[in-house]
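Only one structure is covered here, and it is reproduced in the block below.
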Amino acid sequence: MTDETRPSTFIRDIILEHNRTGRFGGKVITRFPPEPNGHLHIGHAKAIAIDFGMAREFGGRCHLRFDDTNPTKESQEYVDGIMRDIRWLGFDWGPHLYHASDYFEQLYQWAEQLIRAGKAYVDDLSGDEIREYRGTLTEPGRPSPHRNRSVEENLDLFRRMRAGEFEDGAKTLRAKIDMASPNINLRDPVMYRIRKATHQRTGDAWCIYPMYDWAHGQSDSIEGVTHSMCSLEYEDHRPLYDWYLDALGIFHPQQIEFARLNVSHTVLSKRKLLQLVESGRVRGWDDPRMPTLAGLRRRGYTPEALRDFAERVGVTKSPNVVELAYLEHCLREDLNKRAQRRMAVLRPLKLVVENYPEGQVEEFEAVNNPEDASAGTRKVPFSRTLYIEQEDFRDPPPPKYFRLAPGTEVRLRYAYIVKCTGVGKDAAGNVTEVRCTYDPDSRGGDSKGRKVKGTIHWVSAQHAVESEVRLYDTLFTVPKPDDAEDYESVLNPASLEVLTGARVEPALGTAAPGERFQFERTGYFAVDEDSQPGRPVFNRAVGLRDTWAKIEKAAG
RNA sequence: UGGGGCGUGGCCAAGUGGCAAGGCGCGGGACUUUGGAUCCCGUAUUCGGAGGUUCGAAUCCUCCCGCCCCAACCA
C-alpha cells in the first residue's frame, strides 16, 4: 500500500509526531496484553492488528505480555489458546514473551519505594467500606482512618501482608493520591490485595497480587514499551498510569486509547461469551457460531480475511458496530481467489436422465478455480441417475426462474443440457424424483449458441459421497444483542441447521479437516474436525451472494 | 449528576478554513457453462442542532442536544 492510499489513523499520526520530535528516539515498541481468562475473539483481532501492525510498520517490535495479575480467574488453558490464536492470525512476538508475573518482585520493591515516599499506605478498610469512603460520581470521597499511618508502620504492615500474616481481604495497599478527585480512579486506588490463591505461574510464592493499574504501566516501562495502545474505557485510567510512572521516576511510555470493535448480530464481552459456552447454547469456545478466533477458524475464516477486515474497519475513537456483512465480504473476497470449486448437493433430489444408457459413466473436466488457472482441473463422473438441489426444481416455476421445471431446459454444469420430461410424486404429492432427457450434442455443457439461461450443479448418485453439512446463521436475531433487555429472547433458535444427507462429488471424499472449498452456487465451506473417513463434515463459512434469493424475496 | 470521550449517507470511514475520498450495503446495467466472480453507473446541496467569525466553515468561536465509559480488593 502506498502512502497515498493507506488509511490514516490517529495513532499513526501520534507515532509520526513522536518520531519527528524524537520523544522515543524513533523507537516503536508496542505490546498486546491479554489476560488469560478467556479466549481471543474478533475484537482482539483488531487490537492485535494494531499493536503488531504499528510495530511492524515502524520497524519496531510487539511484545506478547500476559496480564496475569488475578490468579483466581486465569489458567494455562487460556494462555495456550491465546498464543495459538495469535500465531494463527499471522503475528509473531519472537522472543518477546512476557508475563506481568515476571515483574512481581520488582513491582513489590517499587511499592515499598512509594511507601517510603509517603505515597502509599496500608488500609484496613473492607471492600464495602472502601466503596463507601470512595464517595460517588458527584460527591467526593473521605480519607480512610488509616490514611496517615507512618512510613514505618506501613512498611511493617506491607511486609507482613507479603508474609501471609493476614487473611484474604483483611488489608490492601493503596496509593495516596486524592480522595476528592473528580476522576474516581485517583481516589486512592488499591495497588495490592491479599489473595491466598495459587497462581498458574508463580504457584504459592505470593499471597498479595497487584491490581491492573499498578501492574500495567510499570510492566510497559520495564519492557521499554513506547506506545501502549488500549481501548477507550482506559482513558480515565491514563492519569493514574501517568501518576505511578511519575511517582516512581521511571521510563514513561505513552498510553493511547482507541475504540474497540463491535460486530453486529453477536456479542464480544467475555462474560457473555463464557455464558454461551457454559449454558450449552453453543458447543464450546470453538463452536463455528462463536466470534472467537477459534470459532471463526473452525468455521472456515482465513487469517488473511480477518487481517483485511481489521484494516478496513479502521481505527478511531468513535463508538462503532460494524455490520456482519462487511466481515463476510472480506471472507468471500479472499476465498473467491483461493478456494477450489466443487459440486455438492446439500438437499438432494433425484434426477433421472431417461435417454442416458443404464450403466454408462462418463467423466467431465471441471475447472478447479476460474479465478486461478494454476489450480488446474479435475474429473467429475456422470451417470444416468443424478442428484440435484431440491431448490433447483420448481413446479410450477415462479416468474424469472431459470432453473428446472416441467418442460424447461437447464444446463448441468460441465455435463449436458437436459430437458425436464416428468415428475415423480409420492402419495402426499411431494416431488420424489424428476425425469429428463439429455442432448448428446451439448457434451461438456456446450449449448452451441442456443440460449440456456440456467446452469445447475449436480452429483452422480452412484459416485457421490454422503456427508454432513452444517449451516450456520447468526447467534442473535437482532443487530445489537447487547441492547436487548433480555438477551435470551434474542438468541436465534435456528443458528444451526444440520443436513445429514448431503451428497458431494467424489473429489471431496478425501478432504482434510481445515480445507476450504467453494461449493458452486452455494457458498464457502470448511472441512470440520468431526469428519470421519468416507463421511466428511462441512461447515458453511459464508454463503455466496444470492441474487435469486433477493429477486424472489422482492416478489414476495 | 462530577469526570472522561464521541457525534460526517443504512454500516464503517477519509477530511484539520477553499468548494463532502473510499469500502460495505443497497438500486440499475453489461458480461457470464456458478442468478458466483468481474466491469460500468447511481446512492450526503450536506457534515448532531442553533447562533457567530470569515470572501469562504464539516473544519475556528459560543451555546445547546444526543450517545458511550467510570463509583470491582476485575482487566
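Since the model is a prediction, treat every value here as computed from it, not as a measurement. Order of the sequence lines sets the chain letters (A, B, ...), proteins ahead of strands, with each chain counted from 1.
Pairing for B:G35 is absent, judged as Watson-Crick or G-U wobble with the two contacts each under 3.5 Å. Base pairing of B:U1: no nucleotide in any strand meets the Watson-Crick or G-U wobble criterion (both distances under 3.5 Å). Remark: B:G42 base-pairs with B:C26; criterion is Watson-Crick or G-U wobble with both hydrogen-bond distances under 3.5 Å. The pairing partner recorded for B:C6 is B:G66, the criterion being a Watson-Crick or G-U wobble arrangement whose two distances lie under 3.5 angstrom.
The residue A:Pro370 sits close to a base: some heavy atom pair falls under 4.0 Å. At the heavy-atom level, A:Thr138 lies under 4.0 Å from base atoms of the strands shown. The residue A:Met343 sits apart from the nucleic acid: no heavy atom pair falls under 4.0 Å. Contacts of A:Asp446 with the nucleic acid, taken as non-hydrogen atoms under 4.0 Å apart, include base atoms. Here A:Tyr416 lies out of heavy-atom contact (under 4.0 Å) with every strand. Among the protein residues, A:Ser447 comes within range of no part of the nucleic acid, since none of its heavy atoms lies under 4.0 Å from any strand. Using a 4.0 Å heavy-atom cutoff across all strands shown, A:Glu371 reaches at least one base atom of the nucleic acid. Residue A:Glu139 is out of contact with every strand shown, counting any heavy-atom pair closer than 4.0 Å. Heavy atoms of A:Val321 sit under 4.0 angstrom from primed sugar atoms or phosphate atoms, though from no base atom. Nucleic acid contact class of A:Tyr192 (heavy atoms, under 4.0 Å, all strands): none. Within the nucleic acid shown, A:Leu125 comes within 4.0 Å of at least one base atom, counting heavy atoms only. Nucleic acid contact class of A:His216 (heavy atoms, under 4.0 Å, all strands): none. When heavy atoms are screened at a 4.0 angstrom cut-off, A:Ile417 is found touching no nucleic acid atom at all. Across all strands, A:Lys550 comes closer than 4.0 Å only to sugar-phosphate atoms, never to a base (heavy-atom distances).
The listed nucleotides are B:A71, B:G3, B:G35; the one nearest the side chain of A:Arg131 is B:A71. Ranking B:G35, B:U1, B:G5 by closeness to the A:Leu137 side chain, first place goes to B:U1. The nucleotide whose nearest atom lies closest to any side-chain atom of A:Lys73 is, among B:C74, B:C70, B:A75, B:C74. Here B:G5 is the nucleotide among B:G36, B:G5, B:A75 with the atom lying nearest to any side-chain atom of A:Lys317.
Between A:Phe519 and A:Phe525, the ring-plane angle classifies as parallel under the 30° and 60° cut-offs. Ring geometry for A:Phe382 versus A:Trp458: interplanar angle over 60°, hence perpendicular rather than tilted (30 to 60°). Using a 30° and 60° split on the angle between ring planes, A:Tyr241 and A:His216 fall in the tilted class, from 30° to 60°.
For B:G35, the OP1/OP2 oxygens have a side-chain nitrogen or oxygen of A:Arg521 closer than 4.0 Å. Remark: A:Thr455 is not in phosphate contact with B:U34, judged by side-chain N or O atoms under 4.0 Å from OP1 or OP2. In this model, the phosphate group of B:C74 is approached by a side-chain N or O of A:Arg195 to a distance below 4.0 Å at OP1 or OP2. Using a 4.0 Å cut-off, no side-chain N or O of A:Lys453 falls inside it from OP1 or OP2 of B:U32. Using a 4.0 Å cut-off, no side-chain N or O of A:Thr136 falls inside it from OP1 or OP2 of B:U1. Note on A:Thr522: every side-chain N or O is 4.0 Å or more away from OP1 and OP2 of B:G36. Taking 4.0 angstrom as the limit, A:Arg238 places none of its side-chain polar atoms (N or O) nearer than this to OP1 or OP2 of B:G4. Of the side-chain N and O atoms in A:Ser126, none sit less than 4.0 angstrom from OP1 or OP2 of B:C73. For B:C73, one of the phosphate oxygens OP1 or OP2 lies less than 4.0 angstrom from a side-chain nitrogen or oxygen of A:Arg134. The shortest distance between the side-chain N/O atoms of A:His329 and the OP1/OP2 oxygens of B:C24 is below 4.0 Å. A close approach under 4.0 Å does not occur between any side-chain nitrogen or oxygen of A:Arg545 and OP1 or OP2 of B:U34. Within the 4.0 Å cut-off from OP1 or OP2 of B:A75, at least one side-chain nitrogen or oxygen of A:Arg193 is found.
Judged by ring centres under 5.5 Å apart and planes tilted less than 30 degrees, A:Tyr326 fails to stack against the six-membered base ring of B:G25. Stacking of the aromatic ring of A:Tyr212 onto the base of B:A75 is not found under the criterion of centres within 5.5 Å and planes under 30°.
Summary of the strand contacts: A:Ile184 and A:Pro33 both lie near RNA chain B, and taking for each the nucleotide with the nearest heavy atom, the more 5' one is attributed to A:Ile184. Where A:Arg403 and A:Gly127 meet RNA chain B, the nucleotide closest to each residue was compared, and A:Arg403 sits on the side nearer the 5' end.
Straight-line distance from the CD atom of A:Glu35 to the C1' atom of B:C74: 7 Å, rounded to whole Å. Rounded to an integer number of Å, the gap from CG of A:Asn185 to C1' of B:C73 is 15 Å. If you measure from atom CG of A:Asn70 to atom C1' of B:A72, you get 10 Å, rounded to the nearest angstrom.
Base orientation at B:A72 is syn, since its O4'-C1' glycosidic dihedral falls within 90° of 0.
Looking at A:Thr408, its side chain does come within 3.5 Å of a backbone N or O of A:Ala405 through a donor-acceptor pair. Within the 3.5 Å criterion, the main-chain N or O of A:His146 finds a donor-acceptor partner in the side chain of A:Ser144.
A heavy-atom distance below 4.5 Å is not found between the side chains of A:Val410 and A:Lys419.
The side-chain tip of A:Arg394 points at the ring of A:Tyr401 from less than 6.0 angstrom away and within 45° of straight on. A cation-pi arrangement is not found for A:Arg312 relative to A:Tyr326, the charged atom failing to lie both closer than 6.0 Å to the ring centre and inside a 45° cone about the ring normal.
Side-chain atoms of A:Glu323 and base atoms of B:G10 include a donor and an acceptor less than 3.5 Å apart. Counting distance only, with no hydrogens placed and no angle test, the side-chain atoms of A:Asn183 and the base atoms of B:G4 include no donor-acceptor pair under 3.5 Å.
For the pairing with A:Ile50, the side-chain contact (heavy atoms from CB on, under 4.5 Å) check across A:Val315, A:Thr9, A:Thr30 returns one residue only, A:Val315.
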